[in-house]
Protein chains: 2
Amino acid sequence: MRMARARTTSDVFNAIAEPRRRQILELLATRGALAVGTLVVLLGHPQSAVSKHLGVLRKVGVVAVFKQGKQRVYSLDANRLKTVHDWVKHFEQFWDHHLARIKTLAERRAREHAFVHKSQQQKGPS
Amino acid sequence: MRMARARTTSDVFNAIAEPRRRQILELLATRGALAVGTLVVLLGHPQSAVSKHLGVLRKVGVVAVFKQGKQRVYSLDANRLKTVHDWVKHFEQFWDHHLARIKTLAERRAREHAFVHKSQQQKGPS
DNA sequence: ATATTATAGTCCTATATTGGAATATGTCAA
DNA sequence: TTGACATATTCCAATATAGGACTATAATAT
């Protein structure tokens with residue numbers, strides 16, 4: 001069996017792996033709810049492409065639609081993006097500035113510890 | 001020309017769209033640097049698969065390798081994950097609790113404003 | 001009813017990606 | 001050098017995806 005990655009339509013991570021879809025989400029975030037036609041204009045992509053991306057985003061649950069006349073107005077439904085946020089957040093502590101600080105601290109502590117043990121156990125008041 | 005999404009090996013978002021790769025990153029985060037063989041055991045996937053995923057993560061720059069004898073030890077290089085973090089962070093304000101609060105506030109304000117205009121323009125001291 | 005507009009969905013094709021097996025490469029030990 | 005081990009890479013087949021053109025559906029206007 002050849003199972004590739006989880007389906008685009010069922011995994012938020014995969015859904016936002018496509019730049020155009022991220023762009024759509026950004027637009028919905030900054031400009032509020034938008035009709036498909038508006039998105040088509042803003043993005044400059046063919047309508048069928050936009051609709052298909054919206055379909056993916058809809059199925060994965062990061063956007064919501066409602067009809068307004070003959071238009072379909074899409075809006076952000078960002079809750080599932082929190083999943084992504086929570087995931088990357090785990091790695092926060094490993095980003096450079098954090099890392100540098102933590103690492104040097106840890107190393108210094110280790111060195112001092114070793115030193116104390118190797119030499120005379122003198123405790124400074126610092 | 002048929003350009004699909006950005007290459008897995010050049011886009012962090014795409015790189016982490018694959019669950020196994022996320023799993024690898026998680027392992028490197030929680031257990032520190034690990035040799036490929038260890039990862040193979042921990043993940044239970046065939047070595048070639050693990051190596052290939054590591055290759056992607058390496059090319060995209062979220063892991064670093066160094067040789068230790070005949071082993072290759074991989075470690076996290078989380079800086080590029082910050083990109084992802086920063087991106088999703090934009091949507092923070094749209095998550096439910098936030099959204100609910102902000103939305104109702106805005107709506108109430110709008111309603112009050114409309115009311116004031118429709119009726120007698122009385123300004124409370126609040 | 002019919003035309004028009006807005007959008008979704010379908011069909012087709014090119015491409016990227018993945019897994020698996022087998023193989024190549026590199027490193028150490030005897 | 002030869003062999004054993006650790007890992008990367010290559011080749012192949014299956015699948016998912018994306019774009020493009022076209023068609024279907026739905027809502028509105030005439």
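All values below come from the heavy atoms of this structure, side chains included, with hydrogens, waters and symmetry mates left out. Below, read A as the first sequence line, B as the second, and so on, with proteins coming before strands; counting in each chain starts at 1.
- Atom CG of A:Leu39 is separated from atom C1' of C:dT7 by 12 Å (rounded to the nearest Å).
- Computed from coordinates, the A:Lys59 NZ to D:dT17 P distance equals 10 Å when rounded to whole Å.
- For the pair A:His53 and D:dG19, the criterion of a side-chain N or O lying under 4.0 Å from OP1 or OP2 is met.
- Interatomic distance, B:Leu34 CG to B:Gln71 CD, rounded to the nearest 0.5 Å: 10.5 Å.
- Nucleotide D:dT17 holds its P atom 11 Å from the CG atom of B:Asn14, rounded to whole Å.
- Picking from C:dG20, C:dT7, D:dA16 the nucleotide with the shortest atom distance to the side chain of A:Arg7 gives D:dA16.
- As a whole-Å value, the separation of B:Phe13 CZ from C:dA16 C1' is 19 Å.
- The salt bridge (charged side-chain N to carboxylate O under 4.0 Å, His left out) search around B:Lys89 returns B:Glu92, not counting sequence neighbours.
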Pairs of donor and acceptor atoms involving the side chains of residues 25-32 of chain B, under 3.5 Å and at least two apart or interchain, shall be tabulated with distances.
| from | atom 1 | to | atom 2 | distance (Å) |
| --- | --- | --- | --- | --- |
| B:Glu26 | OE2 | A:Trp87 | NE1 | 2.7 |
| B:Thr30 | OG1 | B:Glu26 | O | 3.2 |
| B:Thr30 | OG1 | B:Leu27 | O | 3.4 |

Taking distance alone, no hydrogens or angles, what donor-acceptor pairs closer than 3.5 Å link side-chain atoms of residues 52-59 of chain B to residues at least two apart or in another chain?
| from | atom 1 | to | atom 2 | distance (Å) |
| --- | --- | --- | --- | --- |
| B:His53 | ND1 | B:Arg21 | NH1 | 3.2 |
| B:Arg58 | NE | B:Tyr74 | OH | 3.2 |
| B:Arg58 | NH2 | B:Tyr74 | OH | 3.4 |

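- For the segment residues 25-34 of chain A, no residue has any heavy atom less than 4.0 angstrom from an atom of DNA chain D.
- Note that CD1 of B:Ile16 is 13.5 Å distant from CD1 of B:Ile24, once rounded to the nearest 0.5 Å.
- DNA chain D is contacted by both A:Ala49 and B:Val40; B:Val40 maps to the nucleotide lying nearer its 5′ end (nearest heavy atom per residue).
- Following rounding to the nearest Å, A:Asp11 (CG) and D:dT15 (C1') show an atom-to-atom distance of 16 Å.
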Report summary line: Per-nucleotide protein contact along nucleotides 21-29 of chain C, 5' to 3', at a 4.0 Å heavy-atom cut-off (B base, S sugar-phosphate only, - neither), is BB----BS-
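- Comparing C:dG19, C:dG20, C:dA8 by their nearest atom to the side chain of A:Arg58 picks out C:dA8.
- Between the CD1 atom of B:Ile16 and the P atom of C:dT17 there is a distance of 15 Å, given to the nearest Å.
- Other members of the cluster containing B:Val41 do not exist, because no ILVMFWY side chain is joined to it at under 4.5 Å.
- B:Ala33 is linked by a side-chain contact (heavy atoms from CB on, under 4.5 Å) to B:Val73, B:Ser75, counting only residues two or more places apart in sequence or in another chain.
- When all heavy atoms are compared, the tightest approach of A:Val40 to A:His45 is CG1-O, 3.4 Å.
- In this structure, CD of A:Glu18 is placed 17 Å from P of C:dT15, rounded to the nearest angstrom.
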Donor-acceptor pairs are to be reported for all side-chain atoms of residues 76-85 of chain B against protein atoms at under 3.5 Å, with residues two or more places apart or in another chain.
| from | atom 1 | to | atom 2 | distance (Å) |
| --- | --- | --- | --- | --- |
| B:Asp77 | OD1 | B:Asn79 | ND2 | 3.2 |
| B:Asn79 | OD1 | A:Asp96 | N | 2.8 |
| B:Asn79 | ND2 | A:Asp96 | OD1 | 3.3 |
| B:Arg80 | NH1 | B:Val60 | O | 3.2 |
| B:Lys82 | NZ | B:Asp86 | OD1 | 3.3 |
| B:Lys82 | NZ | B:Asp86 | OD2 | 3.4 |
| B:Thr83 | OG1 | B:Arg80 | O | 3.0 |

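- Distances shorter than 4.0 Å separate some side-chain N or O of A:Arg21 from OP1 or OP2 on D:dA18.
- Residue A:Tyr74 has no polar side-chain atom (N or O) positioned under 4.0 Å from OP1 or OP2 of C:dA6.
- The residue B:His45 sits apart from the nucleic acid: no heavy atom pair falls under 4.0 Å.
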